[in-house]
Amino acid sequence: MKKKDTYYLTTAIAYANAAPHIGFALELLYSDVMCRYQRLLGKEVHFLTGTDEHGQKIFKAAEQSGQDSQSFTDEQSAKFSELADLWNISNDDFIRTTEDRHKAGAQKFWLASMKNGDIYKKTYTGLYCVGCESFKTEKDLVDGLCPDHKKAPEILQEENYFFRLSNYQKLLEKLFEKNKSFIVPASRFNEMYNILKNGLEDISVSRSKEKLPWGITVPNDPTQVMYVWFDALTNYITALGYGSADETNFEKFWPAVHVIGKEINRFHSLLWPAMLMSAGLETPKQIAVHGWMTVDGQKMSKSVGNVINPAELTAEYQLEAVRYFLVREIPFNDDGDFSSEKFRERYTADLANGLGNFTSRVLTMVEKYCDNQIPAVANIDNNFINFIKTEIWPNYLKNMDVWNFVHAYEIVWKLVAACDQMISDRKPWILAKEGKIQEVKDLLYHLCEALRQIAIMIYPVMPETSEKLITQLGLDVNIELSKSLSDLQEWVDLTVGNKINKGEILFPRL
RNA sequence: CGCGGGGUAGAGCAACCAGGCAGCUCGCAGGGCCCAUAACCCUGAGGUUCUCGGUUCAAAUCCGAGCCCCGCAACCA
C-alpha cells in the first residue's frame with residue numbers, strides 16, 4: 001500500500017462546551033497553512049477538524065442552558081464549523097463525536113481493543129464529590145475538602161473498565177526511540193519521553209451511565225459510557241470510515257499528522273498510540289505540538305477578561321492580515337504574544353509598506369512605462385534569478401516543512417526587500433526620462449516575475465491575497481494554482497503582452 | 001533535590017550544541033529619492049550578553065554556584 005502522495009492532517013477536536021477560543025482558531029490556522037502548503041507540493045491532502053461533544057462538562061453546560069444535550073451541542077458545534085468557514089480554513093471534513101459514524105466506529109474500536117485483552121473490569125475506589133459529581137484525587141483537595149464545594153468527598157466504589165496502558169510501556173519506548181521526530185518540537189518530545197520513562201499506569205476508560213448519561217455506551221454493557229478521551233481520540237479514524245462498511249479513506253490516508261495544543265500532548269503522544277497498538281492499527285505519523293497565545297504579555301483568562309474572540313478579531317481586521325500576523329508572530333513551537341500594537345506594527349511594516357506598496361509601485365510602473373502590459377525582456381539578470389533560486393526558495397521550503405512558518409515568511413519578506421532595493425538602485429523613473437525604455441522593461445519584467453513567485457509563497461497563509469496578485473499580473477488563478485510547486489518556483493516567461501489588472505490597494509494603511 | 005526551557009540595544013528575537021569583530025526586525029535620529037499606500041533606499045545612535053567565580057591566548061558560547069521568569073506534571077485552546 002503506497003501512500004507517499006497523501007497527507008492526512010487533523011486538528012484536535014474542540015471541546016464544544018463554550019464559544020470558540022482564539023487558541024483553537026490558531027490551531028486551525030497552523031493546520032490550514034500546512035495543508036495548503038502540502039497541496040502545493042502536490043500531495044493529496046485530507047484535512048480534518050471537528051468537535052468533541054461528550055462528557056461531564058458538556059452535560060452540565062447543557063443543563064445550565066436549559067437545553068437537552070443534543071440540541072445544545074448542535075448549537076455549539078455549529079459555531080466551530082462557522083469559525084472554520086469564517087477563517088477560510090480548507091478542511092475537507094468536520095466530524096462531531098455525536099454523529100453515528102463516530103459512535104459506531106468508537107464502539108468497534110473498543111471491541112478491537114477488548115478482544116486483545118486490553119480492556120478489563122476493575123473496582124475503583126475513590127474520593128467522590130457529590131457537588132462536582134466526579135472523582136477527586138488527593139491533590140485536588142484543599143485541607144481534605146473539595147475546593148469548589150467546601151465539602152469532604154465520600155469514599156465511593158465503582159466498577160469501571162480499565163485500559164491496559166501499562167502493557168504498552170515497552171512498545172511506546174521503542175516508538176519514541178525509533179522516531180525522534182514523532183513529537184515536534186523536541187522539547188515536547190522530551191517532556192513526554194520523561195513521563196513515559198517514569199512508568200505508565202492503567203487508566204479508567206469508562207464511567208457509570210447513571211452518573212454520566214452523556215457519552216457513547218460501552219459495547220455489551222449498557223450501564224457504562226466511554227471516558228471522553230477514549231471516545232474522542234478515535235475521531236481521527238472514525239472520520240475516515242474506520243469500522244464502517246467503507247474503509248477506503250482509512251486505508252488511503254491513515255496514519256495522520258496530529259496538530260494539537262501543548263495541554264493535551266499526553267493523550268495524543270502516550271494514550272492514543274497505545275490505543276492504536278491495542279487495536280492493531282498503525283501509530284500516528286507525527287504529533288505536532290503548538291504553543292499558546294498570550295495577550296499583551298499575559299495569559300488569557302476569563303477572570304482577567306482578556307480572552308480574544310476569533311470572530312471579533314476578524315471583524316475588526318482583515319482576515320488575511322490576521323492570518324499573516326498570527327503565523328508570522330506566534331511561533332509554532334512556542335508561546336507568542338498578541339497585542340493590537342504589535343498587530344498594527346507588523347501590518348504597517350510587512351503588509352502595507354512592504355508587500356502592498358511594492359506591488360503597487362511595480363504595477364503602476366508597468367501601467368506607466370509598459371502600456372499596461374507585461375513587457376518583453378531583453379536581458380535576463382542571472383544574479384537576481386540565482387538569488388531567488390538558491391537563497392529564497394530552498395530556505396522557504398526547508399522551514400515550511402518543519403512548521404517553522406516564522407522563518408519561512410521572514411525569507412519571503414527578504415525577497416520583497418531585495419526587490420525594493422533593486423528599484424532604488426536602478427532608478428527606473430530616471431531611465432525612463434533618459435529614454436532607456438528597454439532597461440526599464442527588463443527591470444519591470446524581473447519584478448513582475450518575482451511578484452508571481454511571492455504570490456505562490458504566500459498562498460498557504462494568505463490565499464486570497466495570493467489569488468489577487470496572480471490576477472493582477474494578468475494570469476489565470478486556476479491554471480497557476482493547479483501547477484506543481486516545482487514548476488511554480490521555476491523562473492518562467494510570464495505571458496509577454498498580457499494585460500495587467502491593477503486592482504485595489506492590497507493592504508490600506510490602518 | 002520531580003523533569004524541562006529561558007534571561008543578549010527601548011521592544012521582540014538570532015548567534016550558544018562545535019569558544020574567535022555580538023547580528024536581525026520594529027522603534028528612534030539624520031540624509032537621499034520622487035515609481036509607490038507620507039510609502040521606498042542609505043547612514044547613524046543605542047549592549048556590563050542576569051550575577052559571582054573558574055577554564056582558556058580568547059567566553060554570550062564551556063564548567064561551578066546563585067538570582068529571576070516560564071512550561072510539563074494537573075481534561076486550560
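Labels below follow one simple rule: chain letters A, B, ... track the order of the sequence lines, proteins then strands, and each chain is numbered from 1. Quantities reported herein were computed from a predicted structural model and do not represent experimental measurements. Side-chain atoms are counted along with the backbone in the values below, which use heavy atoms only and exclude waters and symmetry mates.
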(message) To the closest 0.5 Å, what do you measure between CG (A/Asp93) and CZ (A/Phe47)?
(response) 11.0 Å
(request) Using the six-membered ring wherever Trp is involved, compare the ring planes of A/Tyr324 and A/Trp413 and label them parallel, tilted or perpendicular (cut-offs 30° and 60°). (result) tilted
(request) Rounded to whole angstrom, note down the P distance from B/G4 over to B/A77. (result) 28 Å
(request) Write down the partner of B/A38 under the Watson-Crick or G-U wobble criteria, each distance required to be under 3.5 Å. (result) none
(message) Taking only the P atom of each, what is the distance from B/C16 to B/G7 in whole angstrom?
(response) 13 Å
(message) What is the separation between atom CD1 on A/Ile330 and atom P on B/G12, rounded to the nearest whole Å?
(response) 14 Å
(message) Tell me the interatomic distance from A/Ile260, atom CD1, to B/A77, atom C1', rounded to whole angstroms.
(response) 11 Å
(message) Angle between ring planes, A/Tyr396 versus A/Tyr409, binned at 30° and 60°: parallel, tilted or perpendicular?
(response) perpendicular
(request) For the residue pair A/Trp229 and A/Phe267, categorise the inter-ring angle as parallel (less than 30°), tilted (30 to 60°) or perpendicular (more than 60°). (result) parallel
(message) What's the gap between B/C62 and B/A18 when it is taken at their P atoms, as a whole Å value?
(response) 8 Å
(message) How many whole angstroms separate atom CG of A/Asp52 from atom P of B/A77?
(response) 12 Å
(request) Write down the distance between OH (A/Tyr409) and P (B/C13), rounded to a whole number of angstrom. (result) 22 Å
(message) Quiz question: going by heavy-atom distance under 3.5 Å, is there a donor-acceptor pair between the base of B/C76 and the side chain of A/Tyr15?
(response) no
(request) Determine the sole option in A/Asp334, A/Leu26, A/Asp335 for which the side-chain contact (heavy atoms from CB on, under 4.5 Å) test with A/Trp292 is passed. (result) A/Asp335
(message) Quick one about A/Thr98 and A/Lys103 (side-chain donor to acceptor, distance below 3.5 Å, no hydrogens or angles considered), yes or no?
(response) no
(request) Starting from P on B/C75, measure out to CG on A/Leu271 and report it in whole angstrom. (result) 13 Å
(request) May I ask you to decide if the ring planes of A/His290 and A/Tyr30 are parallel, tilted or perpendicular, using 30° and 60° as cut-offs? (result) tilted
(request) Determine the Euclidean distance between corresponding P atoms of B/C17 and B/G5; express it in Å to zero decimal places. (result) 15 Å
(request) Please work out which of the three classes, parallel, tilted or perpendicular, describes the rings of A/Phe338 and A/Phe343, given edges at 30° and 60°. (result) tilted
(request) Please report, rounded to the nearest Å, how far the P atom of B/C13 is from the CG atom of A/Asn399. (result) 18 Å
(message) Please give the distance between the C1' atoms of B/C57 and B/G19 as a whole number of Å.
(response) 12 Å
Kindly give the atom pairs (protein nitrogen or oxygen, nucleotide nitrogen or oxygen) under 3.5 Å for nucleotides 69-72 of chain B.
{"from": "B/G71", "atom 1": "O2'", "to": "A/Arg188", "atom 2": "NH1", "distance (Å)": "3.0"}

(request) Write down the distance between NZ (A/Lys342) and P (B/A11), rounded to a whole number of angstrom. (result) 11 Å
(message) If I pick the P atom on B/C52 and the same atom on B/C13, what distance separates them, to the nearest angstrom?
(response) 25 Å
(request) Can you check each nucleotide of nucleotides 25-37 of chain B against protein heavy atoms at under 4.0 Å and return B for base, S for sugar-phosphate only, - for none, in 5' to 3' order? (result) -S------SSBBB
(request) Starting from P on B/A77, measure out to CG on A/Leu313 and report it in whole angstrom. (result) 18 Å
(message) Tell me whether the rings of A/Tyr161 and A/Trp110 are parallel (<30°), tilted (30 to 60°) or perpendicular (>60°).
(response) perpendicular
(request) Can you tell me, in whole Å, how much space there is between the P of B/G47 and that of B/C70? (result) 28 Å
Please tabulate, for the side chains in residues 499-510 of chain A, all donor-acceptor contacts under 3.5 angstrom to protein atoms that are two or more places apart in sequence or on a different chain.
{"from": "A/Asn501", "atom 1": "ND2", "to": "A/Thr471", "atom 2": "O", "distance (Å)": "2.8"}
{"from": "A/Lys502", "atom 1": "NZ", "to": "A/Thr364", "atom 2": "OG1", "distance (Å)": "2.9"}
{"from": "A/Arg509", "atom 1": "NH1", "to": "A/Asn353", "atom 2": "OD1", "distance (Å)": "2.6"}

